[in-house]
K.L.:
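Have a look at the structure that comes next, please.
Counting convention: from 1, in listed order, for ligands and their atoms alike. We count residues from 1, following the sequence as given.
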Amino acid sequence: MRIAVPNKGRLHEPTIDLLERAGLHLENGADRQLYADTVDPDVSVLFARAADIPEYVADGAADMGITGYDQVQEAQVEDVAELLDLEFGTCRLVLAAPEDDEIKTVEDLADKTVATEFPSITREFFAERGLEPTVVEVSGATELTPHVEISDAIVDITSTGTTLKMNRLAVIEEVLSSSVRLFARADVCEESKVEEVRTALASVKQAEGKRYLMMNVPEKRLDDVRDVIPGMGGPTVMDIANGGGEKVAVHVVVDEGDVFETITDVKQAGASDILVTEIERLVE
Ligand SMILES: Nc1ncnc2c1ncn2[C@@H]1O[C@H](COP(=O)(O)OP(=O)(O)OP(=O)(O)O)[C@@H](O)[C@H]1O
Ligand SMILES: O=P(O)(O)OC[C@H]1O[C@H](OP(=O)(O)OP(=O)(O)O)[C@H](O)[C@@H]1O
Ligand SMILES: [Mg+2]
């Protein structure tokens, strides 16, 4: 089973980090190498450009892929299925034109020129409105093109909006909203290794923003503590070895945002020896 992952750019690091946290530690994958092994002898990694990954998965160069939803849509590949939203690389593809221009609506672009790194998505966006502007494909610095008379408007990625602002461009409409996805070729989706990888990555996402709380509670106060715990599926209660049967250990998973309040509440309810730890993975 081979997973295609971004070889550079802003998605590279977070993707490798995610694989590592999922337990798929990379081996022999020094910089600039095309392939890397993982600790799992049945899983290897292929490094590729973010834009090429959907094609590689569809063609069989890899079986699974991790890249932006925008790239998957642009590649127009058939027979690949999305398995998981990895919730990073969050951005929007937007149609934008110079702030001081007379172009204010999608319709204003009917006979105009739009520059983009995403020609398929752009053509489809306009076609849905019965419009067919000239679409010019560029491979970067799209935001400059309206200012050098290559285009009247652009379809490009924005997240903070800084680049658009710097180039005095205003959003006309959102074309697509994107984040990084895990996907696989349809013919391998049912394979157990694919499900294993999906579960491992999902478990990392599940654990994000969660904390594990452990505490000791006098048995007679257990109900009071239980009442103030917001955790998932209720706490786990265990006898403490040599605890004389008077105290029990309570373990619970809570949202990070609830930790502060929960500690105060359980303490008041009689808990002591409270420990808070991070969770690496959580398989529900
Ligand atoms: N500003 C951004 N904020 C969040 N996600 C982004 C942003 N820019 C790009 N992305 C996401 O990252 C993907 C890859 O973009 P990136 O800029 O890393 O590569 P690239 O410039 O296409 O790669 P290359 O350098 O190989 O041409 C995009 O398709 C999109 O999904
Ligand atoms: O809304 P913002 O936060 O300003 O982000 C938008 C910018 O981010 C991306 O470029 P990137 O930084 O990846 O550079 P690139 O053009 O070299 O890909 C994208 O192409 C935009 O130019
Ligand atoms: Mg980029």
K.L.:
Salt bridge check: are Glu208 and Arg21 linked by an N-O gap of less than 4.0 Å?
P.N.:
yes
K.L.:
Between Tyr212 and His251, what is the ring plane arrangement, given parallel below 30°, perpendicular above 60°, and tilted in between?
P.N.:
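Plane angle over 60°, so perpendicular.
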K.L.:
For ligand 1, which atoms sit closer than 4.0 Å to a heavy atom of Gly68?
P.N.:
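Ligand 1 atoms under the 4.0 Å threshold to Gly68: 31 (O).
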K.L.:
Which atoms of ligand 2 are found less than 4.0 Å from any heavy atom of Arg10?
P.N.:
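Near Arg10, the atoms of ligand 2 are 8 (O), 9 (C), 10 (O), 11 (P), 12 (O), 13 (O).
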K.L.:
Going by distance alone, is a donor N or O of one side chain under 3.5 Å from an acceptor N or O of the other, for Thr105 and Asp108?
P.N.:
yes
K.L.:
Would Arg10 count as being in polar contact with ligand 1, using the rule that some N or O on each side must be under 3.5 angstrom apart?
P.N.:
yes
K.L.:
If you count every heavy atom of other residues, nucleotides or ligands that lies below 6.0 Å from Glu124 atom CD, does the total exceed 12?
P.N.:
no
K.L.:
Given the rule that I, L, V, M, F, W and Y join up when any side-chain heavy atoms are under 4.5 Å apart, are Leu11 and Leu201 in one cluster?
P.N.:
yes
K.L.:
Nearest to atom 6 (C) of ligand 2 by heavy atom, Thr162, Leu164, Ile157: which?
P.N.:
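Nearest heavy atom to atom 6 (C) of ligand 2 lies in Ile157.
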K.L.:
Please could you name the atoms of ligand 1 that Gly89 approaches to less than 4.0 Å, counting only its heavy atoms?
P.N.:
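This gives 4 (C), 5 (N) as the contact atoms.
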K.L.:
Checking the N or O distance criterion of under 3.5 Å, is ligand 1 in contact with Tyr69?
P.N.:
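It does not: no N or O of Tyr69 is found under 3.5 Å from an N or O of ligand 1.
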K.L.:
Between Val180 and ligand 1, find which residue part has any heavy-atom pair under 4.0 Å and reply side chain, backbone, both or neither.
P.N.:
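Under 4.0 Å from ligand 1, Val180 contributes no heavy atoms.
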K.L.:
Under a heavy-atom criterion of less than 4.0 Å, does Ala51 contact ligand 1?
P.N.:
no
K.L.:
Show which atoms of ligand 1 fall inside a sub-4.0 Å distance from at least one heavy-atom site of Gly9.
P.N.:
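With Gly9 as reference, the close atoms of ligand 1 come out as 18 (O).
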K.L.:
State the atoms of ligand 1, each with its element, that fall below the 4.0 Å cut-off from a heavy-atom position in Lys8.
P.N.:
24 (P), 25 (O), 26 (O)
K.L.:
Going by the order shown, which atoms of ligand 2 are within less than 4.0 Å of some heavy atom of Glu143?
P.N.:
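Heavy-atom distances to Glu143 below 4.0 Å select 21 (C), 22 (O).
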K.L.:
I need the atoms of ligand 1 closer than 4.0 Å to a non-hydrogen atom of Leu11, numbered in the order shown.
P.N.:
12 (O), 13 (C), 14 (C)
K.L.:
Give a yes or no on whether the backbone of Val94 and the side-chain of Glu173 come within a donor-acceptor separation of less than 3.5 Å.
P.N.:
no
K.L.:
Side chains of Ser44 and Asp37 only: does a donor on one sit below 3.5 Å from an acceptor on the other?
P.N.:
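Note: Ser44 and Asp37 side chains miss the donor-acceptor criterion.
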K.L.:
Hey, is ligand 1 close enough to Arg49 that some N/O pair sits below 3.5 Å?
P.N.:
yes
K.L.:
Are Thr122 and Glu74 packed together at the side-chain level, in the sense that at least one heavy-atom pair is separated by less than 4.5 angstrom?
P.N.:
no
K.L.:
Does the side chain of Glu195 pick up a donor-acceptor pair with the side chain of Thr199 at under 3.5 Å?
P.N.:
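Yes, side-chain donor-acceptor contact under 3.5 Å.
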K.L.:
Heavy-atom contacts with Thr160 under 4.0 Å: which atoms of ligand 2 show up? List them by number with element.
P.N.:
1 (O), 2 (P), 3 (O), 4 (O)
K.L.:
Measure the distances from the heavy atoms of Gly140 to every atom of ligand 2 and state whether one is below 4.0 angstrom.
P.N.:
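Distance cut 4.0 Å: Gly140 fails for ligand 2.
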K.L.:
Should Ile172 and Ile103 count as side-chain neighbours, where that means a heavy-atom distance under 4.5 Å?
P.N.:
yes
